[in-house]
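Take a look at the structure set out below.
These figures come from a predicted structure and were not determined experimentally. Residue numbers count from 1 along this sequence.
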Amino acid sequence: QVQLVESGGGLVQAGGSLRLSCAVSGRTFNSYTMGWFRQAPGNEREFVAAFTWSLGSTLYADSVMGRFTISRDNAKNAVYLQMNSLKPEDTAVYYCAADHWVGVPRTNPRMYDYWGQGTQVTVSS
């Protein structure tokens, strides 16, 4: 019913930028929280950024605040993550996700209902 597909990952030097995209199909997501998570090898999946469209609320992890921006285009059913000033520690597989929740964005990945396949981001020194 619902499909999320990430794209835009790649290899970039430290200090560079990337924009990740998440295409959403099969549902209207205005009543959901949309988020981005990442997972590096051997690590747990961690929260990056999220928003609730109905409230206009956004939340960012401390590690990316001021560098990353989450945005959306409802006409295209797409969610974006603009990543600036990238650091080697940002290297991970990045996932978009949807949470059937319209309050303050939640950070626990177990709360999210739908997931994409992920896109690899590698930041070199």
Side-chain angles (χ1 to χ4, degrees):
Q1 288 278 3
V2 178
Q3 185 176 22
L4 307 177
V5 181
E6 302 95 338
S7 62
L11 175 64
V12 65
Q13 292 183 330
S17 298
L18 286 172
R19 190 181 77 157
L20 306 183
S21 299
C22 176
V24 184
S25 63
R27 56 170 280 267
T28 300
F29 59 167
N30 290 351
S31 61
Y32 288 75
T33 296
M34 300 299 300
W36 287 94
F37 293 78
R38 65 188 182 187
Q39 188 167 21
N43 291 351
E44 298 295 318
R45 190 164 298 186
E46 66 176 349
F47 172 79
V48 176
F51 74 88
T52 51
W53 176 246
S54 61
L55 297 178
S57 299
T58 60
L59 185 66
Y60 295 92
D62 289 344
S63 60
V64 307
M65 191 174 299
R67 300 188 297 121
F68 291 12
T69 303
I70 188 170
S71 61
R72 61 284 181 195
D73 185 340
N74 279 11
K76 297 181 179 179
N77 267 7
V79 181
Y80 306 100
L81 184 69
Q82 178 67 46
M83 305 185 295
N84 298 326
S85 301
L86 283 162
K87 305 174 181 179
E89 52 262 46
D90 295 318
T91 296
V93 176
Y94 283 71
Y95 300 88
C96 65
D99 178 10
H100 201 335
W101 172 257
V102 295
V104 175
R106 303 194 289 193
T107 63
N108 189 338
R110 293 190 295 269
M111 298 294 100
Y112 284 70
D113 302 297
Y114 307 104
W115 293 86
Q117 295 292 100
T119 185
Q120 177 70 49
V121 172
T122 302
V123 184
S124 62
S125 299

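A distance-only check finds no donor-acceptor pair linking the side chain of Tyr112 to the backbone of Trp36 [under 3.5 Å]. Counting only distance, with no hydrogens or angles, the side chain of Gln82 and the backbone of Arg19 share no donor-acceptor pair below 3.5 Å. Checking side-chain atoms of Ser85 against main-chain N and O of Arg67 turns up no donor-acceptor pair under 3.5 Å. A donor-acceptor contact shorter than 3.5 Å is absent between the side chain of Thr52 and the backbone of Thr33.
To the nearest 0.5 Å, the span separating OG on Ser125 from NZ on Lys87 amounts to 12.5 Å. Remark: Leu81 CG to Glu6 CD distance equals 11.0 Å, nearest 0.5 Å. Here Met34 contributes atom CE and Tyr114 contributes atom OH; the two are 11.0 Å apart, rounded to the nearest 0.5 Å.
Following chains of ILVMFWY side-chain contacts shorter than 4.5 Å, one can reach Met65 starting from Val48, so the two form part of one hydrophobic cluster. Under the 4.5 Å side-chain contact rule for hydrophobic residues, Met111 and Phe47 share a cluster.
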**Study point:** CA sep, side-chain torsions, deciding dist, call: Thr119, Val93, side chain to side chain contact (heavy atoms under 4.5 Å, CB included)
**Key:** CA-CA 5 Å; Thr119 185; Val93 176; 6.0 Å; no
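Counting heavy atoms from C-beta outward, Tyr60 and Ile70 have side chains that approach closer than 4.5 Å. Contact annotation: the side chain of Cys96 approaches that of Leu4 to within less than 4.5 Å [non-hydrogen atoms, C-beta and beyond]. Counting heavy atoms from C-beta outward, Phe68 and Leu18 have side chains that stay 4.5 Å or more apart.
Between Met83 and the options Leu20, Val12, Asp90, a side chain to side chain contact (heavy atoms under 4.5 Å, CB included) holds for only Leu20. Tested against Tyr94 for a side-chain hydrogen bond (donor to acceptor under 3.5 Å, both in side chains), the candidates Gln120, Arg38, Gln39 yield a single pass: Arg38.
Cation-pi geometry between Arg45 and Phe37 is not met: the NZ or CZ atom fails to fall both under 6.0 Å from the ring centre and inside 45° of the normal.
In this structure, Trp115 and Tyr95 have perpendicular ring planes: the angle between them is above 60°, well past the 30° mark.
No more than 12 heavy atoms of other residues, nucleotides or ligands sit less than 6.0 Å from atom CD of Gln117. More than 12 non-hydrogen atoms from other residues, nucleotides or ligands lie less than 6.0 angstrom from CD of Glu89.
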